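This one's a predicted model, so the numbers in the text were calculated from it and none came from an experiment. Chain letters run A, B, ... following the sequence lines, proteins first, then strands; residues in each count from 1.
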Amino acid sequence: MADTDTRSPARSRRTRRSKPRPETLVAYYRQMLLIRRFEERAARAYTEAKIGGYCHLNLGEEPTITGLMAALEPSDYLFTNYREHGYALARGIEARRVMAELYGRSTGVSKGWGGSMHLFDTGTRLLGGYGIVGGQLPLATGAALAISYRGGDEVVMCQMGDGTTNIGAFHESLNMAALWDLPIVYVVINNGLGMGTTVDQSSAEPELYRRAAAYRIEGARVDGTDVIAVREAAHAAIERAREEKKPFLLETTSPRLRGHSVVDPARYRTAEEKEQLKAADPLARFALELEESGVLDAEAREKLDAEVKAEVDDAAAFADDSPHPDVSTLFDYTYATPVPGESRRLPADPVF
Amino acid sequence: MADTDTRSPARSRRTRRSKPRPETLVAYYRQMLLIRRFEERAARAYTEAKIGGYCHLNLGEEPTITGLMAALEPSDYLFTNYREHGYALARGIEARRVMAELYGRSTGVSKGWGGSMHLFDTGTRLLGGYGIVGGQLPLATGAALAISYRGGDEVVMCQMGDGTTNIGAFHESLNMAALWDLPIVYVVINNGLGMGTTVDQSSAEPELYRRAAAYRIEGARVDGTDVIAVREAAHAAIERAREEKKPFLLETTSPRLRGHSVVDPARYRTAEEKEQLKAADPLARFALELEESGVLDAEAREKLDAEVKAEVDDAAAFADDSPHPDVSTLFDYTYATPVPGESRRLPADPVF
Amino acid sequence: MATVTYRQALRDTLRAEMLRDEDVFLMGEEIGVFEGSYKITEGLLKEFGPRRVRDTPIAEEGFVGAAIGAAMLGLRPVVEIMTINFSLLALDQIVNHAAKIYGMFGGQCSVPMVIRTPGGGGQQLGATHSQNVELFYSFIPGLKVLAPSTPAEASAMLKAAIRDDDPVLFLENLALYNTKGEVPDDVTPAEIGRAAVTREGTDITIIAYSRMAHVAAEVAEKLAADGVSAEVVDLRSLRPLDRETVVASVRRTGCAVIAEDDWLTYGIGAEIAATIQEGAFDWLDAPVRRVAMAEVPLPYSKPLELAALPSAESLVTAVRDTLAATGRR
Amino acid sequence: MATVTYRQALRDTLRAEMLRDEDVFLMGEEIGVFEGSYKITEGLLKEFGPRRVRDTPIAEEGFVGAAIGAAMLGLRPVVEIMTINFSLLALDQIVNHAAKIYGMFGGQCSVPMVIRTPGGGGQQLGATHSQNVELFYSFIPGLKVLAPSTPAEASAMLKAAIRDDDPVLFLENLALYNTKGEVPDDVTPAEIGRAAVTREGTDITIIAYSRMAHVAAEVAEKLAADGVSAEVVDLRSLRPLDRETVVASVRRTGCAVIAEDDWLTYGIGAEIAATIQEGAFDWLDAPVRRVAMAEVPLPYSKPLELAALPSAESLVTAVRDTLAATGRR
Ligand SMILES: Cc1ncc(C[n+]2csc(CCOP(=O)(O)OP(=O)(O)O)c2C)c(N)n1
Ligand SMILES: Cc1ncc(C[n+]2csc(CCOP(=O)(O)OP(=O)(O)O)c2C)c(N)n1
Ligand SMILES: [Mg+2]
Ligand SMILES: [Mg+2]
């Protein structure tokens, strides 16, 4: 399936042999829809104060996520930034457990300790959403080093935003990955903005995949609104990483349909820009394509939507019904190997 | 004199119009010799325990330094790493004041507070040698920002080693310089090694000047053992930075004739490598060239050498005779604006 | 005299200083187009343009270092780091460069810059976004660290920080931005390095700073209703530390509790307690107690977070316990 | 039982652990070809090859972060940071990642790694290369911080650190590498979090760690000749902090002096003093004093550096002053 012999695998998708099958397309659509509805539900829950902290949504990123996750094997590892609800869902984690984490409940993927930005799941090898910009890059690189050390054939995917390519950890990580021939695919989700800052304002080389050249790494850019294109590009990069033990830098482009986080009204966007964004909604476009090509008619789509909506409502209800972590567990996760003298003091407790 | 209209100024030296005049060549030779003898004297003083701490020498780097400093205007600013004695000398600081700093005396350029790694001189705009690898890059970038902010026409030169191109600050600094059109020339002194690590082992793109492309900055590599080539390349880069307000990345290649610092026996180098290094001494080569071209015969060279040796001996004697900083000055430089409550406590003093 | 929020006081002061001195300019992530993550710089890009309100890439080490370099050439950059958590990425530039340049080069070059940054937990931001690490800066000779708790202080201290020739870490707090207070029309710059007795009392001294200074005031009020007269000392400056004011107060009251938002062990309060026992040893009727954050990576979960954070209740408990330990009644 | 240097004890222990467990490997700048900036890893590249002794680029944040990531997958990296000064560049990875991952993700993933790094002034390395910033790590829940002072302890504690499932900051000291001591042939891993009374005494407790533990021992010996019986407590573990051992000692002796190599204000000793006044309040006959570095960016000049650093002499002075303050004689 993979074009592992090409030097620029991500660019080779046009030469692919077979068209995806209708059920695959429908499954992808359903996944995108799940992410969409989940995020809309999360936004609502946030305004209802069910969710706290920061909450960043994947609206507009659904085809990218779906394509990337379709290409990643279950045994592969995934590190992401804080904008990762959709990744968790597409990786196969139950919507219930993801929503419960957003609600801060003990049934959440991180037992309520992480929240929206810090989803983690050992089973699906989602090794964390991270809130410090760039923080996940050295970690993911180290995970790839561990694979290489053990001679394993897993691959690490490390997702990040466009703005993240300007931080030092990007440079240090890609350099190490290239020096040490690590099986890792860095994916830059170029949504045009880091908060309110455009790519042009923050990256002196705005064609971000080109930065790979500074480490003699292969790079490519792919249209992140095209789920199949993303899947193919990611697949080629991942399989090349697996076979040849070479890192890759894949850039995907997609719109960020709303503000940076739920609370950001994005005043820095003009009314026209906001209008254009609506038209740019890749999910609507994909629905239309599927309808036009006879893969999914309006009725079937409505049915899917109802199904997905029920799933998301169930997730929210589950989260809402789930218990908060018990205060007695406050000191349970400071150390994996407990020690004498470890402080388990509440604020009013004396030292002696 | 400058080829300010070329896109790749550093590569254009072959098209230069006039050959350098003999007196210029002799002056350059004298400067290189001064650096050489100064460094040899410093090494000796170190073994005599006149100099403490770390002491990194510019042996092999003399033509590079001389060429770079010839291209820099007095009003320009210079930031370097800790391997900077030669830069201080070539910038025009008296050998006495440089040696006195190495000796930790109050007559030293940094009043004995900085030592070998931390030479600073307001008059010649040497804004510091820095001991943290990469630390000088953001600072130099900020100095260029200040120039740009004020609309000045000075340029900043920021020197660093090859190993330094792998640290995050390199990436963050070059990106900002390019985004903001700052008048700065980054110079990478590629001496093949960072301590015992080769460029190939530390930089996934070992042609370091190419890394400029990740910021759409122009870059070039020049033979650092050729003083004229260095001067021309630097001149073009500096004048382009001045006129067009564009950063530049200049890589120079030169041998590191000894260990990383005075105390490093460089055991990781084979006997052959060490032998080859002797043959690679650029100063000996330059002396031969000058002799063969009739610019400086053996006798004149000996005379120069005696002169330079006297200068260096005088510097060492001056340093040795200079007073140590008085212990009463210990608290003089913690704050520029003193404040009440500032601690001036010696180790045995009580808090109350 | 106007009643404004802490946020507004900061904004007005930045604006006034920029109008006063062309060398003052702002740098940081999202301070321009986005108008500040917490809107402190609202409207300033529009008024002053991108030269003086500079949006930076996400590169804390780089842009903080660049501000230091600009300050070395005599400008007076005021840098915003979005939250103090992200300042860890710039720590080398702050500790090894900003704090060292004046001394390491023998007093030839000062670094007149300000780093504004908020600390604060309690917003469910999780373990990496809820820390109070002002300790890291307060420990460093060469830095000054200010932590105003009211709009008036924020204004007076920010002015002083901008005009000071040394690098100043100016600690704000997420929970304070919307608090209100009176600010004089023409604020006099504060004297750096002075704590303040913000409430006089005779039975016990409560020492606090930033957000906890409010909690301390609230607790003192509550205790007064019960007949306990608590004195409140707001440290205001963490470096230099005004030991005299703290010790003088405890010499009057005979006992003390410290309220801090950071972790207890090695936290800011440790130095305060160490200072008190050394400076008021013969006056102390009970050990100095500290009320601080539970020593855990702060969890996202609301009930866990609430349990971990110091509060008025925990402070009241510690005060009552301390008074009981004095054996006075 | 052999008499070896602190350096040799570290090297032997690294080697033994690598032989014992294939998951243990080394990473850091110049640890392989160069054999370590301070030659701790001498010969190990030759013996184990580049897979297990990995030279890294100069990228503290990157390689420390990579070690964390490798530890997340179950390996046991032992990272060398050339000196603790450079660890500031990796602080975000250590504090915001290594220390948080276990808690922030609800205990799903531990980070079994060790960061070895020396502190220490007194080598004329100047302001940025002579700092003792173990405080930064000791303050952080989620990290463990060990500071052995003898070859035997270095060996036992390094073993324990490598086998522990949490991130451990293992503090060495430039001035200790050449010191010698006996090390048992088959060292038992130390119990993490225990201080030790390294000399018993009745008149006063001197509390120290790392290099200053030696100075404390030297001073205790000197004082014994004058008829003063000083007890010495070597903290050994800065986090967790063994408060019980410290307080129990002071309850016996009635007074204490702390000797530390970092800066006084907010330094490690502040917590020790705060702990003692809280835990031994009724036993204390005099305020707890601290002997620490003068609060300046450490100058290169030898006489200035000597004046700034704590020494046996300054410790003796503080001990005598403290004994005098007890009014016992
Ligand atoms: C080190 C650090 N600096 C700043 C922030 C604040 N911050 C959070 S998200 C963000 C923008 C990131 O942009 P990008 O990488 O493009 O990702 P996106 O949000 O668009 O997915 C910033 C600046 C942070 N979390 N960490
Ligand atoms: C941040 C940091 N890490 C490590 C060191 C230790 N160190 C000092 S010099 C050096 C090698 C630098 O190599 P390069 O940049 O090539 O400069 P050169 O010494 O060859 O001039 C290293 C690793 C340091 N000073 N700072
Ligand atoms: Mg983005
Ligand atoms: Mg080099």
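In terms of heavy-atom pairs under 4.5 Å with chain B, the best-connected choice from A:Ser203, A:Ala212, A:Ala178 is A:Ser203. Ranking A:Ala213, A:Ala177, A:Gly168 against chain B, the residue ahead of the rest is A:Gly168, based on heavy-atom pairs under 4.5 Å.
Of the possible donor and acceptor atoms, one in the side chain of B:Asn166 sits under 3.5 Å from a partner among the backbone N and O of B:Ser202. A donor-acceptor contact shorter than 3.5 Å links the side chain of A:Glu84 to the backbone of A:Leu119. A side-chain donor-acceptor contact under 3.5 Å links B:Arg269 to the backbone of B:Arg258. A distance-only check finds a donor-acceptor pair linking the side chain of B:Thr64 to the backbone of B:Gly224 [under 3.5 Å].
Contacts between B:Ser173 and chain A at a heavy-atom distance below 4.5 Å are absent for every atom of the residue.
Classification of the A:His171-B:His171 ring pair by plane angle, with boundaries at 30° and 60°, yields parallel.
Residues B:Arg240 and B:Glu218 come closest through the heavy atom pair NH2-CG, 3.3 Å.
Residues of residues 129-163 of chain A never come closer than 4.5 Å to chain B when only heavy atoms are counted.
B:Arg83 is listed as a side-chain neighbour of B:Asn191, based on a closest heavy-atom distance under 4.5 Å.
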